[in-house]
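Excluded from the calculations below are hydrogen atoms, water molecules and symmetry mates; all remaining heavy atoms, backbone and side chain alike, are included. The first residue in the sequence is number 1, and the count goes up from there.
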Amino acid sequence: IRLLSGKPKINLPLKKKAAQEDDVEDGKPASATTAPAVFSGPVTTTCTVEEGSSRRTFRITIEPPTGAVPDTEKDGGDTGKGETVPVYSPFEGKVEVVEINVSEGDAVREGQVVASVEAMKAKHDVKAPCSGSVARIHVDLGSEVSKGKPILSIEQA
């Protein structure tokens, strides 16, 4: 279903360059003196797969890490009406959003189930931490979220 909806879930392990033993700078391997590569936007590359006499070329886009939250979202996107409170997944690791029960502008009360995530092969409710109205929904159904990425924001009344 993910493939048909245009959101396939593919895990590609990224290989790190192995530091060669003879590539030493100031007594440290080169990998210890260079900072890790950080990118702010999506990176696109192509991959060619040969199987027998068949050859296929794929275009792959790698998104930046999900832990990085833009500064506008860290502040909660304050609109001046009231404090904006982000709503996070109750789990530490990555989980999939399987249900969003509200839309932007809806009034919610504290403790109301606003979304559901799937973790450990079970569906778990995400409850509103306060009363107010839904200011913004940050994810789509099927998105993977971690503890630091908000699912939605609630503007307190």
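Closest approach of Pro150 and Gly148 over heavy atoms only: CD-O, 3.7 Å. Val108 and Cys130 get closest at one heavy-atom pair: CG2-O, 4.3 Å.
With respect to Val114, the side chain to side chain contact (heavy atoms under 4.5 Å, CB included) criterion is satisfied by exactly one of Leu152, Asp106, Asn101: Leu152.
With a 4.5 Å cut-off on side-chain heavy atoms, Ser153 and Val134 do not count as touching. Side-chain contact between Val87 and Val126 is present, with at least one heavy-atom pair separated by less than 4.5 Å. Within the 4.5 Å cutoff, the side chain of Thr46 has no heavy atoms near those of the Phe58 side chain. Looking at heavy atoms from C-beta onward, Val95 lies out of side-chain contact with Glu118 at the 4.5 angstrom threshold. Side chains of Val102 and Gln112 form a contact here, defined as non-hydrogen atoms less than 4.5 Å apart.
Between the side chain of Glu50 and the main chain of Arg56, no donor-acceptor pair closer than 3.5 Å is present. The backbone N or O of Glu110 sits less than 3.5 Å from a side-chain atom of Ser131, completing a donor-acceptor pair.
The hydrophobic cluster containing Leu141 also contains Val139, counting ILVMFWY residues as joined when their side-chain heavy atoms lie under 4.5 angstrom apart, directly or transitively. The hydrophobic cluster containing Val117 also contains Ile100, counting ILVMFWY residues as joined when their side-chain heavy atoms lie under 4.5 angstrom apart, directly or transitively. Hydrophobic clustering, with ILVMFWY side chains joined whenever heavy atoms are under 4.5 angstrom apart, keeps Val113 apart from Ile151.
Of the charged side-chain nitrogens involved, at least one lies within less than 4.0 Å of a carboxylate oxygen, so that Lys123 and Glu99 count as a salt-bridged pair.
Checked by atom type, the side-chain pair Ser143/Asp140 shows no donor-acceptor distance below 3.5 Å.
Applying the ring-ring contact (aromatic ring centres under 6.0 Å, His included) test to every pair with at least one member in residues 90-127, sequence neighbours left out, gives these pairs: Phe91-His124.
Atom CD of Glu155 is separated from atom OG1 of Thr84 by 5.0 Å, given to the nearest 0.5 angstrom. Here CD1 of Ile154 is found 8.5 Å from OG of Ser133. Values are rounded to the nearest 0.5 Å.
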